[in-house]
S.K.: 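Before I ask anything, let me first share the structure, which is written out below as structure tokens.
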2 protein chains.
Amino acid sequence: MLSQTEENYLKNLFNVGDGEKEVGTNELAAYLGVKPASVNDMLKKLKEKKLVDYEKYGKISLTEEGRRKAVEVVRKHRLWETFLYSTFDFTWDEVHEVAEQLEHIQSAKLVNKLDEFLNYPAYDPHGDVIPNAKGEMPAVHKKTLLEEVVGHHCTMVAVKDNSAPFLQYVSRLGLGINNKLTVVARHAYDGQMEIEVNKKVVTISPRFAQNIVIVCDDCGKK
Amino acid sequence: MLSQTEENYLKNLFNVGDGEKEVGTNELAAYLGVKPASVNDMLKKLKEKKLVDYEKYGKISLTEEGRRKAVEVVRKHRLWETFLYSTFDFTWDEVHEVAEQLEHIQSAKLVNKLDEFLNYPAYDPHGDVIPNAKGEMPAVHKKTLLEEVVGHHCTMVAVKDNSAPFLQYVSRLGLGINNKLTVVARHAYDGQMEIEVNKKVVTISPRFAQNIVIVCDDCGKK
DNA sequence: TTTTTTTGTTAGACAAATCTAACTTTTATT
DNA sequence: AATAAAAGTTAGATTTGTCTAACAAAAAAA
């Protein structure tokens, strides 16, 4: 079993590099809040355990197994964030710190129950994709509701404004993270938009729409 | 801030000794699953931090501050057990292991929200008292429902039988942990009891009553 | 009250994760 | 291409929590 520290290294390798970008010892050290020397030591250990591929002065990347473990931690982190946000009324910016701790709880049953309790959410309160139980994680393109095409269906994944008046208005309109929305119309005159949410159509201002982050459910479909 | 290890020592000192009984290095080591030498080292450290009172070859006890910290950990442990049991359908015997991990999560807000979400439960699924937010923990005498006096009010705190048929029957009758019950009658003929729960009166067998653990709300009142 | 057994303590070692400070390699700049 | 800067590495120290093995004290038994 992995230590919390090892899990954190894997998670950060995943979050920073994510298959694509290059990650260096310094950069990773900065993310983790430790010194480059410590990262170096740990990389040797993780290489030994076959969780990262890495040669002296060379590229750092996760192995298949390392990625699997990292995704599991990310899954737990994002499920807990969603739980804290939607069940315990934590705000958007409070969830991260506590989820950093909760992500290390070891219990497959707990994670499954959490997922079920939250009704298998697709996005966390930051609008990031929550990997499913199989570790699958569809790549998505986030945008603001303002940018969405009329007639398209989308899912609300986050807010950009965390002020009380905005959040109150959001919930007043029946909007919430992981809710399905449809853009019914956009008025050329003043940019007001009509949005269908929970079978009701509401009208919102462009300014409001700009603070709602969504992913398009119709975009990029085959 | 205390490490998880330190918290565990305090919690176990509290649980084993609980103000009354003597606790020795060996006994504590057995509870914690470590060697007596390790306990000795840690006791020195906790003494240094003024969390335990302890002299060489002498008695071990928690200081006021140490007890406070220990109770807080116990509170978290029991709230999490209750949560896992009542919200995530963990069984009575599954909750402990996961609560051992969750009890170390640091977030005052989380604990308060948990308490609120569970409606300020008084007992965990093992029938142990959950300390309140102030650290108060009324001493109670547990007994089985069979032993309860007719006319008395009591609170169900645990079950003694963990079999599916029993548990199904329990929930069928509308019984549950932290529910208030009143003993309406006991029939001399066969010992059948009538119990009021949620404003409904149900009849139960003595065998059934023997597997329900309660605390009497009327006993020991001034 | 001796002796034996149990309990408790110490010193020294070890593993995990970190650090500092010196050093090496790679990359960028002139 | 030579040199300066940045990035990466190593060795050795430190902290936390543990261990073993030897020893000391207290309690129980003879």
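A, B, ... follow the sequence lines: proteins, then strands. Residue 1 opens every chain.
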S.K.: Let me know the distance between OH of Tyr9(A) and C1' of dA16(C), rounded to the nearest Å.
M.R.: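 Going from OH in Tyr9(A) over to C1' in dA16(C) covers 11 Å.
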S.K.: Taking the side chain of Ser38(A) as heavy atoms from C-beta outward, which of dT18(C), dA21(C), dT20(D) is closest to it?
M.R.: dT18(C)
S.K.: Taking atom P of dT16(D) as reference, at what distance in whole Å does atom NZ of Lys35(B) sit?
M.R.: 23 Å
S.K.: Could you check which residues of residues 49-58 of chain B get a heavy atom under 4.0 Å from DNA chain C? Sort them by number, please.
M.R.: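 Contacts with DNA chain C under 4.0 Å: Tyr54(B), Lys56(B), Tyr57(B).
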S.K.: What is the separation between atom CD on Glu48(B) and atom P on dT16(D), rounded to the nearest whole Å?
M.R.: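 In whole Å, dT16(D) P lies 12 Å from Glu48(B) CD.
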S.K.: Of the listed nucleotides (dT10(C), dC19(C), dT18(D)), which one gets closest to any side-chain atom of Asn40(B)?
M.R.: dT10(C)
S.K.: Phe88(A) ring centre to Lys109(B) NZ or CZ under 6.0 Å, with the angle to the axis within 45°?
M.R.: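 Verdict for Phe88(A): no cation-pi partner in Lys109(B).
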S.K.: Rounding to a whole Å, what distance do you find between Asn8(A):CG and dA16(C):C1'?
M.R.: 15 Å
S.K.: For residues Leu110(B) and Leu102(A), report the shortest heavy-atom separation together with the two atoms involved.
M.R.: CD2-CD1, 4.3 Å
S.K.: For the side chain of Asn26(B), counting heavy atoms from C-beta on, which of dT9(C), dG8(D), dG8(C) is nearest?
M.R.: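 Ranking dT9(C), dG8(D), dG8(C) by closest atom to the Asn26(B) side chain puts dG8(C) first.
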S.K.: What heavy-atom pair brings Leu145(A) and Met193(A) nearest, and what distance separates the two atoms?
M.R.: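 So the two residues come closest at O-CE, 3.3 Å.
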S.K.: Between the main-chain N or O of Lys47(A) and the side-chain N or O of Asp53(A), is there a donor-acceptor pair closer than 3.5 Å?
M.R.: no
S.K.: Rounded to whole angstroms, how far apart are CG on Asp41(B) and C1' on dG12(C)?
M.R.: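 That distance rounds to 11 Å.
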S.K.: May I ask you to check whether Phe83(B) and Phe83(A) place their ring centers less than 6.0 Å from one another?
M.R.: yes
S.K.: Judged by each residue's nearest nucleotide on DNA chain C, which is more toward the 5′ side, Ala37(A) or Ser3(A)?
M.R.: Ser3(A)
S.K.: Is the phosphate of dT9(D) approached by Thr25(A) (side-chain N or O, under 4.0 Å from OP1 or OP2)?
M.R.: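 True: Thr25(A) side-chain N/O within range (under 4.0 Å) of dT9(D) OP1/OP2.
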S.K.: Rounded to whole Å, please give me the gap between CG in Leu32(A) and C1' in dA16(C).
M.R.: 16 Å
S.K.: Taking all heavy atoms of Ala122(B) and all of Asn178(B), pick out the closest pair and write down the distance.
M.R.: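 Shortest heavy-atom separation between Ala122(B) and Asn178(B) comes out as N-OD1, 3.1 Å.
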S.K.: Send over the distance from Glu7(B) CD to dT16(D) C1', rounded to a whole Å.
M.R.: 15 Å
S.K.: Assess whether salt bridge (charged side-chain N to carboxylate O under 4.0 Å, His left out) is satisfied between Glu7(A) and Lys11(A), documenting all intermediate values.
M.R.: CA-CA 6 Å; Glu7(A) 286 193 343; Lys11(A) 182 189 69 174; over 6 Å; no
S.K.: How close or far is atom C1' of dT16(D) from atom CG of Leu2(B), stated in whole angstroms?
M.R.: 14 Å
S.K.: Which nucleotide sits closest to the side chain of Lys44(A): dT18(C), dT18(D), dT10(D)?
M.R.: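 Of dT18(C), dT18(D), dT10(D), dT10(D) is nearest to the side chain of Lys44(A).
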